[in-house]
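Down below is the structure, laid out as structure tokens.
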Amino acid sequence: MPAIDRQRILGDLRRLAEFGRYKTGVHRPTYSPVDVESRHWLAEKYREAGLDTVIDGIGNVIGRNPSARRRLLVGSHSETQPYGGWLDGSLGVIYGLELARAFAVDPGGAGLGIEVAAWADEEGHYGNFLGSRSFTDALPEEEIDRIRGRDDGTPLREALKRAGFADRQRERVDPGRYVGYLEAHIEQGDTLDTSGLRIGVVETIVGIWNYRVSLNGEQNHAGTTRMVRRKDAGVAMVRLATRIHERFPKIAGPRTVWTIGRMLIEPNAPSVIPGRAEMQVQFRDADPERLVLFERTLHDLVGEADRTGPCRVEIEPIARSEPRPMDPGFQAQIEVAAERHAPGMHMRLPSAAGHDAAVLSYRMPAGMMFIPSLGGVSHHWSEDTKEEDIVLGAQVFADAAECILRAG
Ligand SMILES: [Zn+2]
């Protein structure tokens, strides 16, 4: 059995968190100077672990095992959300590194190899899942031409040039090279933490469907326009948002979530009746039929609001990812490993967050394992996990990887 080194794994996680440290968390946006520095540091660690390593044309750090006969690809993303946590993404990247080292010296693991990847921009500073999509041939050059940074509008090409990655080749997957892809991550929700459990076996990564709803009324003077004559797009949006929040609970499954996370009114001035308004509606579920039902209901509510007037209401889809079931065999192997090291302290659950494993699952069998997030906090600098859970998780993950490599 490949043995995990507690001090080494905690030490490397803490070292990686120094790149862009912010309070107890990390601020390391994709292609920022600290992100680039951290990728070079990771590449060096991969080389020390005996891997042939490249940083490719999109910023992925990929370490290949030159000698193994059967290989498992292991990784996650290494940038963070703005002022985010020290474990989101980094945990899976350092687990991958630790597994590569543990397998290399394990006498029973001859011929079995771990290859590692630190994907670029899963967190969407430029576009979502850039690195894993690039690796799986799902990121066309035209999209790279088009993408701009979400904060300051920097063209992606420009950011890649500044990072020193622009002239490099983008690495592409050879699915035949791998038994599959495995990713560890903090849960980010509070299911494990509140249940007092230590390992989560991911069954499915939820589908995420997003829409833009726009409402068109009439911009006019807030004093001289009588109430009966108004076509207030702001009022129409708030009414519709309320109806959505009233109706969705009636059709929700136990884990469906929905969010109206962005609302705009124009011109957004105190003495002007809003002439136009816009909101973005998102929902997530692991069940494709439930997603269809939510979509139909949202369309019904929008149609109803449009017919009732006085504003015109329109809806358009923005982005849609389908639920991605994880490989059943990988789930079973993770569960067996969890039962060996933490008997009775594990559960199966869906992932309510998107992950690179969903992207990889289109090209090879994929699996995911969670460890608890204290208080279910993530995408915030205070995000944390108990040390003993980090170490236990690594050992369970290593065991699962070994079983998957032997069984595949
Ligand atoms: Zn993440």
Side-chain angles (χ1 to χ4, degrees), residues 12-13 16-17 19-20 22 24-32 34-35 38-39 42 58-61 73-97 116-136 150 181-193 199-202 204-208 257 282 284 319 321 323-324 326 349-361 366-385 389-390 393-394 397:
D12 284 342
L13 275 168
L16 183 51
F19 294 95
Y22 173 78
T24 60
V26 180
H27 181 66
R28 196 165 62 228
T30 322
Y31 311 129
S32 63
V34 276
D35 176 60
S38 72
R39 287 177 193 276
L42 278 168
I58 199 78
N60 288 332
V61 191
L73 183 60
V74 179
S76 193
H77 60 96
S78 60
E79 77 286 340
T80 73
Q81 283 287 347
Y83 311 101
W86 72 298
L87 294 170
D88 182 349
S90 299
L91 180 94
V93 168
I94 297 300
Y95 271 18
L97 170 64
V116 291
W119 308 117
D121 206 33
E122 186 266 354
E123 298 287 19
H125 293 276
Y126 285 80
N128 288 331
F129 305 102
L130 283 188
S132 49
R133 282 168 55 216
S134 172
F135 189 68
T136 55
R150 72 179 170 195
Y181 173 74
L182 206 55
E183 180 166 351
H185 208 280
I186 50 168
E187 185 205 335
Q188 304 186 283
D190 69 347
T191 308
L192 294 174
D193 193 36
I199 299 288
V201 182
V202 177
T204 307
I205 298 174
V206 296
I208 309 175
V257 290
Q282 177 197 87
R284 304 181 182 214
S321 66
R324 295 300 297 166
M326 296 289 98
L349 77 176
S351 169
H355 293 291
D356 292 301
V359 178
L360 270 296
S361 75
M368 273 199 92
M369 190 198 89
F370 282 163
I371 61 170
S373 292
L374 286 171
V377 174
S378 185
H379 287 186
H380 186 268
W381 55 265
S382 65
E383 162 199 292
D384 207 1
T385 296
D389 285 338
I390 294 175
F397 198 58

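In each ligand, atom 1 is the first atom listed, and ligand 1 is the first ligand listed.
Only protein N, O or S atoms were considered, and those under 2.8 Å from the Zn ion (ligand 1) are His77 NE2, Asp88 OD1, His185 NE2.
A pairwise comparison of heavy atoms in His185 and His77 identifies NE2-NE2, 3.7 Å as the closest pair.
Under the ring-ring contact (aromatic ring centres under 6.0 Å, His included) criterion, Tyr31 pairs with Tyr126, sequence neighbours left out. The side chain to side chain donor-acceptor pair (under 3.5 Å) search around Arg133 returns Glu143, not counting sequence neighbours.
Ring geometry for Tyr22 versus Trp381: interplanar angle over 60°, hence perpendicular rather than tilted (30 to 60°).
Listed by first and then second residue, the salt bridge (charged side-chain N to carboxylate O under 4.0 Å, His left out) pairs involving residues 80-96 amount to none (not counting sequence neighbours).
Between the side chain of Glu187 and the backbone N or O of Gly200 there is no donor-acceptor pair closer than 3.5 Å.
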